[in-house]
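Please read the structure below before turning to the comments.
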Amino acid sequence: MSTAVVWFRNSLRIHDNPFLSWACNSEEVDSIVPVFLLDGYLTSVRDGEIGFNRFRFLVDCLKVLRDNLEKKMNLELKIYTGGALRNIESIFQNLDGENNFLAYEYCNKPRGLMLSSQITEWSMKTPKNCIVKSFPAVHTLLDIEKTISSPTYFDPKSMKNMERIFMNNFDVDSFGYYNINEPIPVPNKTKTNANVSISVNDISISELELELGTLFPDRLNERHYFRGGEDEALDRLSRKIAKQEDFVNRFSKPRTCSTNLDDNPSEPSTTGLSPYITTGCISVRMLWKECEKAYLNGEHTKPPESLHGQLMFREMFYLLSRSVDNWDKSTNNINCKNINWDEYDSEKMDSWESGMTGFPYIDAMMRQLDETGWMHHLGRHAVSCFLTRGQMWQNWTAGRDVFEKKLLDADWAVNNGNWLWLAGVAPFSMPYYRIYNPCPDSKSSLNVETKHANFIRRWVPELRFFPSKYIFEPHLAPLSIQISSKCIIGDDYPLPILDRKKTRKENLARFKASIT
DNA sequence: GGATCCGTTGTAGCT
DNA sequence: AAGCTACAACGGATC
């Protein structure tokens, strides 16, 4: 009697799931226990490191995973909280028989890597015979460890570099596309569900929902813009990719902003798939292949702007997160220039995080982030530039933490990579003098209704009666306009926390002084 | 080996 | 009113 413990770490899905499929198909396995280990997750939520939307989304994902495992494979997902290593040990102590397996996916994060090696070490000592089977490239296209240990590997910092790495790892087919494996279908045979009766740290979905309600009682009735889980992910894939050939072929990341900043925040102008990629509700391989199907039918954009390009940047950050020491630090990180950022200023940081800087475009973005867990990529550029080298001169790690807490697509490798990039401290192409204007719509001065202005009215309702001409810098509006717009600046909406032109000039000089 | 090009997405001010 | 120009000027790859 041999049992496989199938440990879902990043990939909360049953399609294209190599470790689950292996357990279902292997002759060596008689029964299966699917598990998800919260590890320190609940502590992070309680400590305020993970916010409402992220927690809510994860619970959704787990619920759908549980239901799919039950409905389609007659397996019961077990969820445990507390230390992951201790969970694994007690699960195996309660398993009968020998030749039991632990099938899990590779994890790139420091804590995950440490757990992997601790588990391997423990498995070699355990008399209960736990055979560890680690599956690489479940959450990424590349096998991260294999790629970075290749003698030809070097830290990539451009799309050209990534293309070289892809060429070294994948053959190119007769159409000129990388030969990336087809996704694995949902296993069509299953095994019996092994019964592990450990009650210690066992936690149910309804207990998680209770916890969510206890921690965020005033947010439970909010509208949820993204529903978590594999079903929603596959549905979105079908809606936005499979049935949208033109959209896929024309996709160009820098030019997706014209349609996003409207009053329909539930439908981004990009794919809106990022929360599902982060949680592994959709497999990146499947997304890659779906894009390729559209590409085969005509002209299409290319990396870096294309959807394949976006996925390649994700691979780039996963590689760097492993090959660059201190990837998430602003010191002792070869990918981070030493900038003399100001001390953490909690007043400034609070106004940035809560959308009360007095810069409506910035505030609208930050309020959208808090309510929906999502922000358009150009908004991310604007608010991160504002926080760091543009205006506030705060360390990028402070902004990174806020994104980590609130973004549904928060991903350790990608989030840090993007902040390094946007703060201008990484060796990626970001000339430091390219500073984004926090009041960006030149048309507003002509009193033209713009998408940006409507976007601000949607998310900063204090300003909903303001004319476009003044909506980016409402403190410049004459008092008569403020009165007729029912919003007195400094009273109903904050005055700007800083002089954007003055800080821009000073910071440009400081940045230059820091790097030369 | 010095010059030139390039890098996923700039801004301000003028006409 | 969109398009031009000046700004400020990194750092590695390529020729």
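A note on names: the letters A, B, ... follow the listed sequences, proteins ahead of strands, and every chain is numbered from 1.
- Comparing B/dG10, B/dT8, B/dG13 against the side chain of A/Met159 picks out B/dT8 as the nearest.
- Across all strands shown, A/Arg380 has no heavy atoms under 4.0 Å from either base or sugar-phosphate atoms.
- Using the Watson-Crick or G-U wobble rule with both distances under 3.5 Å, C/dA8 pairs with nothing in any strand shown.
- For A/Tyr433, the listed nucleotide lying nearest its side chain is C/dA9; candidates were B/dA12, B/dT8, C/dA9.
- With a 3.5 Å ceiling on both atom-pair distances, B/dT8 lacks any Watson-Crick or G-U wobble partner.
- Atom NE2 of A/His376 is separated from atom C1' of B/dT9 by 10 Å (rounded to the nearest Å).
- The side chain of A/Leu508 lies closest to C/dA8, out of C/dG12, B/dT9, C/dA8.
- With salt bridges taken as basic N to acidic carboxylate O contacts below 4.0 Å, none links A/Arg285 and A/Glu292.
- Taking the P atom of each, C/dC7 and B/dT8 are spaced 27 Å apart, rounded to whole Å.
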*I would like to know whether A/Trp393 and A/Phe386 meet ring-ring contact (aromatic ring centres under 6.0 Å, His included); could you show each step before the answer?*
CA-CA 8 Å; A/Trp393 205 254; A/Phe386 186 87; over 10 Å; no
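- Checking B/dG10, B/dA12, B/dT8 against every side-chain atom of A/Arg434, the shortest atom distance belongs to B/dG10.
- Ring to ring, A/Tyr295 and A/His308 are close: their centroids are under 6.0 angstrom apart.
- Rounded to an integer number of Å, the gap from A/Met375 CE to B/dT9 P is 20 Å.
- The minimum heavy-atom distance linking A/Asn437 with A/Arg500 is given by the pair OD1-NH1, 3.2 Å.
- Relative ring orientation between A/Phe403 and A/Trp352 is described as parallel, the plane-to-plane angle staying below 30° on a 0-90° scale split at 30° and 60°.
- Distances shown here put a side-chain N or O of A/Lys512 below 4.0 Å from the OP1 or OP2 atom of C/dA9.
- The listed nucleotides are B/dT8, B/dG10, C/dG11; the one nearest the side chain of A/Trp421 is B/dT8.
- Under 4.0 angstrom from either OP1 or OP2 of C/dA9 there lies at least one side-chain N or O belonging to A/Tyr432.
- Separating the C1' atom of B/dT11 from that of C/dG11 is a span of 22 Å, rounded to the nearest Å.
- For A/Lys337, counting side-chain heavy atoms from C-beta on, the closest listed nucleotide (B/dT9, B/dT8, C/dG11) is C/dG11.
- Between the P atoms of B/dG10 and B/dC6, the separation comes to 16 Å (whole Å).
- C/dA9 and B/dC5 are spaced 14 Å apart, taking the C1' atom of each and rounding to whole Å.
- In this model, the phosphate group of B/dA12 is approached by a side-chain N or O of A/Asn437 to a distance below 4.0 Å at OP1 or OP2.
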